[in-house]
There are 2 protein chains.
Amino acid sequence: MFKMPSDKSKVIPNVFRETCPARYLLNKISGKWSLLIVDILNDKSMRNGELMRSIEGISQKMLTQTLRDLEEIRLIKRHDMKTVPPHVEYELTDLGKSLRETICAMDRWIEHNMLEIVTNNKTIDINISH
Amino acid sequence: MFKMPSDKSKVIPNVFRETCPARYLLNKISGKWSLLIVDILNDKSMRNGELMRSIEGISQKMLTQTLRDLEEIRLIKRHDMKTVPPHVEYELTDLGKSLRETICAMDRWIEHNMLEIVTNNKTIDINISH
DNA sequence: CCGTATCCTACCAGATACTG
DNA sequence: CAGTATCTGGTAGGATACGG
C-alpha cells in the first residue's frame, strides 16, 4: 500500500522505482487488455457488447475487470442509463484521451512493422491462444 | 502457431484480431518488464548487472527471459564478448530504437500525470509488490 | 443486455541453489 | 559476471451457470 507523502513535491516520478506510483500505473495500463480497450475507445463511447465484439479473444470477465481498473485510475468513465434492459456506455476521460495518443502510436507502430519482424525471423513460432 | 500466407499482402495488420501477428507482438512488448527494458536501453548498450540495478524489482530470471524474448522479436541485440569473466552487452536494434520512442512517450506521460491520477483518487490502494 | 459468482487450471514469476 | 536449473505458490484468466 502506497502512502502519499504530505509534501507532494517530494514524490519524484520514476517508473524504474518499484515504490513509485508511476510503476503501479504502468503495470495497470500495460496489462494485456488495457492497451486494446483504450485504443479502441475513440471519441465515440461504446457499449459492453460492442467492446466484446471489437476485441477478439477477450472474455466478459476480463472485459469487466479491465474496465473497472481503468475506471479506477480515471482513464474511462462509465455511464449507466439505468434502463431496462440495461444500457451502459463507456468513454475515455480527457486524461484517457491524452494517454490514448501514445498508446495508439505504439499499436500502429506494431501493425506497421509486424511483417518486417515476423517474416524475416525463421525461429519465431506464433502461438495463437484460443 | 501462426502460418504466414505466401502472399504477404493479404495479411492485414490489426491488433484487435487475435490471430494477427500484431496481437502476438503486442502481448510480448506490453509484458510487465519489456516496456521498462526498452525504455532504459538508450543509445548506450548496457550490461546484465547494470540493467538489474536500474530496473528495481526485476529478478535475474525475468530479466534474462525478457531479454531473450525481445531478442527473438529483433528489438534488441546481444553482444557476448566471450571473455573470462563474462562480459555481455545488450543494445537496441534500429527497430528497437524506433519503437522506443513510442514507449518512452507513454512512460513519460505516466510519470507526468501520475500525481493527478493518484492524489485525486480516494479509493485507490497502491499495492507495492516486494 | 450487462453483468456477477464460482470453480478450476496453466503458467507467471519469486526464491534458492548451483556453474563456467 | 552472467547466467542456468529446479521447486513452488499465487494469480491471471477461461468455462460455466445464474440474475436484475
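Here is how names work: the chains are called A, B, and so on, in the same order as the sequence lines, proteins then strands, and each is numbered from 1.
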Contacts of B/Glu91 that satisfy side-chain hydrogen bond (donor to acceptor under 3.5 Å, both in side chains) - sequence neighbours left out: B/His79

Looking only at side chains, do A/Asn48 and A/Glu89 share a donor and an acceptor under 3.5 Å apart? no

Partner residues of A/Asp80 under the salt bridge (Lys or Arg N to Asp or Glu O under 4.0 Å) criterion, sequence neighbours left out: A/Arg78

Residue set satisfying salt bridge (Lys or Arg N to Asp or Glu O under 4.0 Å) with B/Glu56, at least two apart, ordered chain then number -> A/Arg17

Round to a whole Å and report the spacing from [atom1] of [X] to [atom2] of [N].
X       : N      : atom1 : atom2 : result
B/Ile55 : C/dA13 : CD1   : C1'   : 16 Å
A/Asp80 : C/dC2  : CG    : P     : 10 Å
A/Leu63 : C/dG3  : CG    : C1'   : 10 Å
B/Ile58 : D/dG3  : CD1   : C1'   : 14 Å

For nucleotides D/dA17 and C/dC2, find the distance between their C1' atoms and express it as a whole number of Å. 15 Å

Mind running a 4.0 Å heavy-atom check of residues 38-54 of chain B against DNA chain C and sending the residues that fall below it, in number order? none

Quick one: does any side-chain atom of [X] pair with a main-chain N or O of [Y] as donor and acceptor, under 3.5 Å?
X       : Y        : value
A/Thr66 : A/Trp33  : no
B/Ser34 : B/Lys28  : yes
A/Ser59 : A/Met62  : yes
B/Arg74 : A/Glu116 : yes

Working to the nearest 0.5 Å, report the span between CG of A/Leu35 and OG of A/Ser30. 6.5 Å

Measuring from A/Gln65:CD to A/Arg68:CZ, what's the distance to the nearest 0.5 Å? 10.5 Å

In the structure I gave you, are the side-chain heavy atoms of A/Val88 and A/Met81 within less than 4.5 Å of one another anywhere? no

If you fit an axis to the five pairs at each end of the helix from C/dG3-D/dC18 to C/dG20-D/dC1, how big is the angle between those two axes, to 10 degrees? 50°

Are any protein N/O atoms closer than 3.5 Å to N/O atoms in nucleotides 4-12 of chain D? If there are, list each pair with its distance.
{"residue": "D/dT4", "atom": "OP1", "partner": "B/Arg68", "partner atom": "NH2", "Å": "3.4"}

Answer yes or no: does a side-chain N or O of A/Ser59 lie under 4.0 Å from OP1 or OP2 of D/dG13? no

